[in-house]
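Within every chain, numbering begins at 1; the chains are lettered A, B, ... in the order of the sequence lines, protein sequences first and strands thereafter. Everything numeric in this text was worked out from a predicted model, so none of it was measured.
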Amino acid sequence: MQMLRDVLEPLLEAVLQDIGVNSQHWRSMLVRSREHDQGDLSLPCFPFAKELGKSPIEIAETLAQALPNNSALGQVSAVAGYLNIKANPEWLASQVMNNGVRIGDAFGKKPANDQQILIEHTSANPNGPFHVGRARNAILGDTLVRLHRLHGNNVRAEYYVDDMGKQVAVLAWALENLSSEEVEKTLDQKDTVNPKWSGKADHERVRWYQAAQAIRQDRSDKEEIEEEIGRMVHASEHGDEAVLQSFQDAYQPVLDGMLSTLERLGISFDTFTKESIFVTNGDVSNLMEKFKTFEIHGVAENGAEYLDLGARGLKGKTEFFFRRGDGSSLYATRDIAYHIWKWKQSNQLINVLGEDHKLQAKQVGMTLAELGEKVPDVLFYSFIKLPEGKMSTRKGNVVYMDDLLEEAQAQASAVVRELHPDYPDELVNSISEAAGTSAVRFNIIKVSPDKGFTFRWEEALAFEGGSAPFVMYSHARACSIARKCVGAGIDVEANLAKTNVPVPDQMPKGMVELLRTICVHSDVLSKAVNDRRPHLFANQLLQLATSFNSFYRDCMILQDGELNVFNLQLSEIARNLMRTSMEGLGIVPIEQM
RNA sequence: GGACGUAUAGUGUAGUUGGAUAUCACUUUGGCCUUCUAAGCCGAAAACCCGGGUUCGAAUCCUGGUACGUCCGCCA
């Protein structure tokens, strides 16, 4: 709780100096108490014992006695060598009510600053529909974008389109050379397209890609095919406009289909940058010429070139190849050119990458450093696997995002119908769409990115406990209260505008809990953003919703037609904080459910 | 074989960078709907992979194991 810390530290410093502690080390020892009953902040006094020649218990007691009265401080106590300090609930209330935590206009939105941040995420190869594994990148990345915006940062969400290379070439070749009969014959009814997605190019065209993959293995003329594809790849890497155009014609509908899936999850991008532009504009070849002048530059027997990053401390395989024997560039080389370009338009770069890209990212980072460029921040995440094992399109062991979202919506719909048989279809649909997609997102965001994640239908579709619908429900309740007030003829706006509303003498547990949660909200947001760990904020939002539910139980706002102004104001603050926070995580803040 | 990551109640997870009685949810279990939405609230039970070390104090740091994941292409 930074607010309390700001008040407490100067007071503690004076007191500590009085008893003979002069170092500043204690600041890092001041920690949040485990038990809220004991306090909000605690100072363990054991390290002072040696220095002062007194027992920790004695020191804690001396400090508790010496700490001056302050409106921010509630109970101050010494327990077993710990100095425990509790915030005064009335002070918390005044902080919350008097804009102390209302940051900006939107209760929790910080004012914008001049940081220009570019977050690149997803950047999936446009050759097939999203499955839940690939979606972790998009959900994590988009959440990071949203949280930065909530934090007041200027962010650009960027998708790096892989519009060259073998995968796209295979897709383009297949679309030009294979009839749909051939495709179906080759795939032999395997993993047929869900009729629901029959118009969707990401689901349709991936079959051409898969058929081509099979044909490249088996067909009698596979050498010629390979040659043809190789020629296309080669031409694209030398900037052949016609070939690049044919690639784009092949992948663009697929990409559009994939993006529409993401859109359903509330994920969108500001800019799309095509990999090929760094080849056609000469950046890549200039870069490769520059590498030649490096002292760690090396050449293989067939003329392929590399940088020996071992000389810069890279362990394992130290040769980082940036040019093939035939003179063309490699993916990583283009990625470096891309990063140099990105640095020209922003002062912070964040990439969201799967853990399989760790080595690659390291090589790119070291090379950028070698070039005198800054190294981007990277958020790595571990893969999502299925209970049956690794997710693999080839083995048919996949859960497509489109299917998951459809199922989530259907199950949410069943829940709504059971709970509210009176709701009209249209309302049921909008609630279940919001609840279903939000649940899927939240289920993925709430766990630490570097944790391996096993996808389970029951968990993705859990609508209670620590889920998105749980938060949405709390928010909808708060909205319902406001509606009730309006219905009772109360001017909500006018009551919210009232100042100097007296803080109640008796504050129920639920109210204090809510105030305390609100007071740490912005601390947690900063940490989640700065450490690139969105799950911290997801947990904070759960805490906020839980606190609100306790408050809701303990504190009536409208009782026998009487309005409690203080409670209304607090409820509205919490409601707005929930709303902006939900938006920050991509949870749809519907007002009724 | 090497590099990097992970290991917490029956299950899934949090742990603010070394502090007290380790978080939350599911499951199990006892209560709460004639007052603002019970997708809710209040309670019970249940865990730090195994050895060593560092120190007043270790889930957290060091070290040695074990298990799992990822990578170690002139692929993207």
Side-chain angles (χ1 to χ4, degrees), chain A residues 28-29 31-35 37-38 42-44 46-47 49-50 56 79-82 84 125 162 164-168 233 275 300 302-306 314-317 319 321-326 328 330-332 334-335 354-360 362 380 382-383 385 390 412 415-416 418-420 435 443 446-448 450-454 456 458-459 462-467 469-474 476-485 487-488 510 520 523-524 527 531 535-536 538-539 542-543 545-546 549-550 552-560 567-568 571 592-593:
Chain A
S28 61
M29 284 156 43
V31 293
R32 200 167 107 192
S33 311
R34 276 261 170 78
E35 280 296 321
D37 292 344
Q38 296 282 1
S42 297
L43 184 70
F46 308 98
K50 216 175 262 178
V79 181
Y82 290 85
N84 294 323
N125 286 341
D162 180 15
M164 48 194 305
K166 200 161 261 180
Q167 300 204 25
V168 193
V233 172
E275 192 180 333
N302 67 347
E305 295 172 58
Y306 59 87
L314 185 69
K315 292 177 200 161
K317 197 207 164 197
E319 292 156 340
F321 279 89
F322 63 87
R323 199 204 292 263
R324 294 194 184 90
D326 69 0
S328 60
L330 284 134
Y331 173 81
R334 287 170 239 139
D335 202 25
E355 60 179 340
D356 55 336
H357 281 71
K358 274 188 181 174
L359 176 62
Q360 174 104 113
K362 180 128 196 155
F380 288 111
S382 219
F383 289 128
K385 51 182 189 296
K390 208 178 146 181
V415 173
V416 181
E418 195 184 321
L419 259 27
H420 305 282
N443 181 243
K446 72 175 181 188
V447 321
S448 177
D450 49 24
K451 211 82 142 194
F453 185 100
T454 304
R456 291 185 179 86
E458 322 85 79
E459 280 167 25
F463 297 149
E464 8 155 64
S467 72
F470 168 82
V471 177
M472 295 166 79
Y473 181 72
S474 305
R477 266 179 153 179
C479 292
S480 164
I481 295 176
R483 276 198 303 271
K484 265 287 194 303
C485 288
V520 300
D523 302 347
V524 177
K527 187 159 183 60
D531 295 357
H535 72 285
L536 296 181
N539 282 297
L542 284 176
Q543 180 62 51
T546 303
N549 286 336
S550 301
Y552 179 88
R553 175 207 53 195
D554 288 347
C555 308
M556 295 298 289
I557 286 159
L558 208 50
Q559 194 162 26
D560 306 325
N567 288 355
L568 174 67
S571 173
Q592 183 185 1
M593 64 187 288

Which nucleotide, in any strand shown, forms a Watson-Crick or G-U wobble pair with [N], with both distances under 3.5 Å?
N: G51(B); answer: U63(B)
N: U13(B); answer: none
N: U35(B); answer: none
N: C75(B); answer: none
N: U28(B); answer: A44(B)
N: G18(B); answer: none
N: C4(B); answer: G69(B)

Give me the distance, rounded to whole Å, that separates [N] from [M] when you measure between the [atom1] atoms they each carry.
N: C49(B); M: G10(B); atom1: P; answer: 13 Å
N: G64(B); M: C24(B); atom1: P; answer: 36 Å
N: C33(B); M: C41(B); atom1: C1'; answer: 11 Å
N: C4(B); M: U8(B); atom1: C1'; answer: 22 Å
N: A3(B); M: U21(B); atom1: P; answer: 38 Å
N: G57(B); M: A20(B); atom1: P; answer: 14 Å
N: A45(B); M: A22(B); atom1: P; answer: 13 Å
N: A44(B); M: U66(B); atom1: P; answer: 42 Å

Quiz item: Considering only heavy atoms and no angle criterion, is a donor-acceptor pair shorter than 3.5 Å present between the side chain of S448(A) and the base of A14(B)?
Solution: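 When only heavy-atom distances are counted, S448(A) does not reach the base of A14(B) through any donor-acceptor pair under 3.5 Å.
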Quiz item: Donor-acceptor pair under 3.5 Å: do we get one between Q360(A)'s side chain and the base of A76(B)?
Solution: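 Side chain to base: pair present.
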Quiz item: Closest heavy-atom contact between S42(A) and N84(A)?
Solution: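 Residues S42(A) and N84(A), closest heavy atoms: OG-OD1, 2.8 Å.
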Of the options [options], whose atoms approach the side-chain atoms of [X] most closely?
X: R553(A); options: C71(B), G15(B), C41(B); result: C41(B)
X: D356(A); options: A76(B), U70(B), G12(B); result: U70(B)
X: M593(A); options: A39(B), U35(B), G19(B); result: A39(B)
X: F470(A); options: A38(B), G5(B), C41(B); result: C41(B)
X: E464(A); options: C4(B), U35(B), U27(B); result: U27(B)
X: E459(A); options: A20(B), C56(B), G12(B); result: G12(B)
X: E355(A); options: A76(B), U70(B), C42(B); result: U70(B)
X: Q167(A); options: A39(B), A76(B), C36(B); result: A76(B)
X: S550(A); options: C75(B), C42(B), C72(B); result: C42(B)
X: L359(A); options: A20(B), C71(B), A76(B); result: C71(B)

Between [X] and [N], is there a side-chain N or O to OP1/OP2 distance below 4.0 Å?
X: R334(A); N: A76(B); value: yes
X: T546(A); N: C24(B); value: no
X: R456(A); N: A25(B); value: no
X: K166(A); N: G73(B); value: no
X: H535(A); N: G15(B); value: yes
X: K451(A); N: A7(B); value: yes
X: K358(A); N: C72(B); value: no
X: R324(A); N: C75(B); value: yes
X: N302(A); N: C74(B); value: no

Quiz item: Does the ring of F380(A) carry K358(A) above it, NZ/CZ under 6.0 angstrom from centre and within 45° of its axis?
Solution: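 Yes, a cation-pi geometry holds between K358(A) and F380(A).
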Quiz item: Do the numbers put R323(A) on top of the ring of Y306(A), so that NZ or CZ is under 6.0 Å from the six-membered ring centre and no more than 45° off the axis?
Solution: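 Judged by the rule (NZ or CZ under 6.0 Å from the ring centre, within 45° of its axis), R323(A) is not positioned above Y306(A).
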Exercise. Classify the glycosidic conformation of C33(B) as syn or anti, calling it syn when the angle lies within 90° of 0.
Key: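 For C33(B), whose glycosidic angle is within 90° of 0, the conformation is syn.
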Quiz item: Can you check U17(B) for me, syn or anti if syn means within 90° of 0?
Solution: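 Glycosidic conformation of U17(B): syn.
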When all nucleic acid strands are considered with a 4.0 Å heavy-atom cut-off, which category describes [X]: base, sugar-phosphate, or nothing?
X: S571(A); result: nothing
X: L536(A); result: sugar-phosphate
X: V416(A); result: base
X: P56(A); result: nothing
X: K390(A); result: sugar-phosphate
X: Q592(A); result: base

Practice problem: Report yes if the ring of Y473(A) lies under 5.5 Å from the six-membered base ring of G40(B) with planes under 30°, and no otherwise. | Solution: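 Aromatic stack with G40(B) absent for Y473(A).
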Quiz item: For F46(A) and G19(B), are the ring centres under 5.5 Å apart with planes inclined under 30°?
Solution: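 Stacked: ring centres under 5.5 Å, planes under 30°.
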Under a plain distance cut-off of 3.5 Å, with no hydrogens placed, do [Y] and [X] share a side-chain donor-acceptor pair?
X: D450(A); Y: S382(A); result: no
X: Q167(A); Y: N125(A); result: yes
X: N302(A); Y: R324(A); result: no

Exercise. Answer yes if the ring centres of F463(A) and Y473(A) are under 6.0 angstrom apart, and no otherwise.
Key: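 They do not qualify: ring centres at least 6.0 Å apart.
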Practice problem: Quickly, which of L558(A), I557(A), N567(A) forms a side chain to side chain contact (heavy atoms under 4.5 Å, CB included) with I481(A)? Name it, please. | Solution: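 Running side chain to side chain contact (heavy atoms under 4.5 Å, CB included) over L558(A), I557(A), N567(A) with I481(A) returns exactly one hit, I557(A).
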Quiz prompt | Distance, rounded to the nearest Å, where R477(A) contributes CZ and U35(B) contributes C1' | solution =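 Interatomic distance, CZ of R477(A) to C1' of U35(B): 13 Å.
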Quiz item: Roughly how far, to the nearest 0.5 Å, is the CE atom of M593(A) from the OG atom of S474(A)?
Solution: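 It is 9.0 Å, given to the nearest 0.5 Å.
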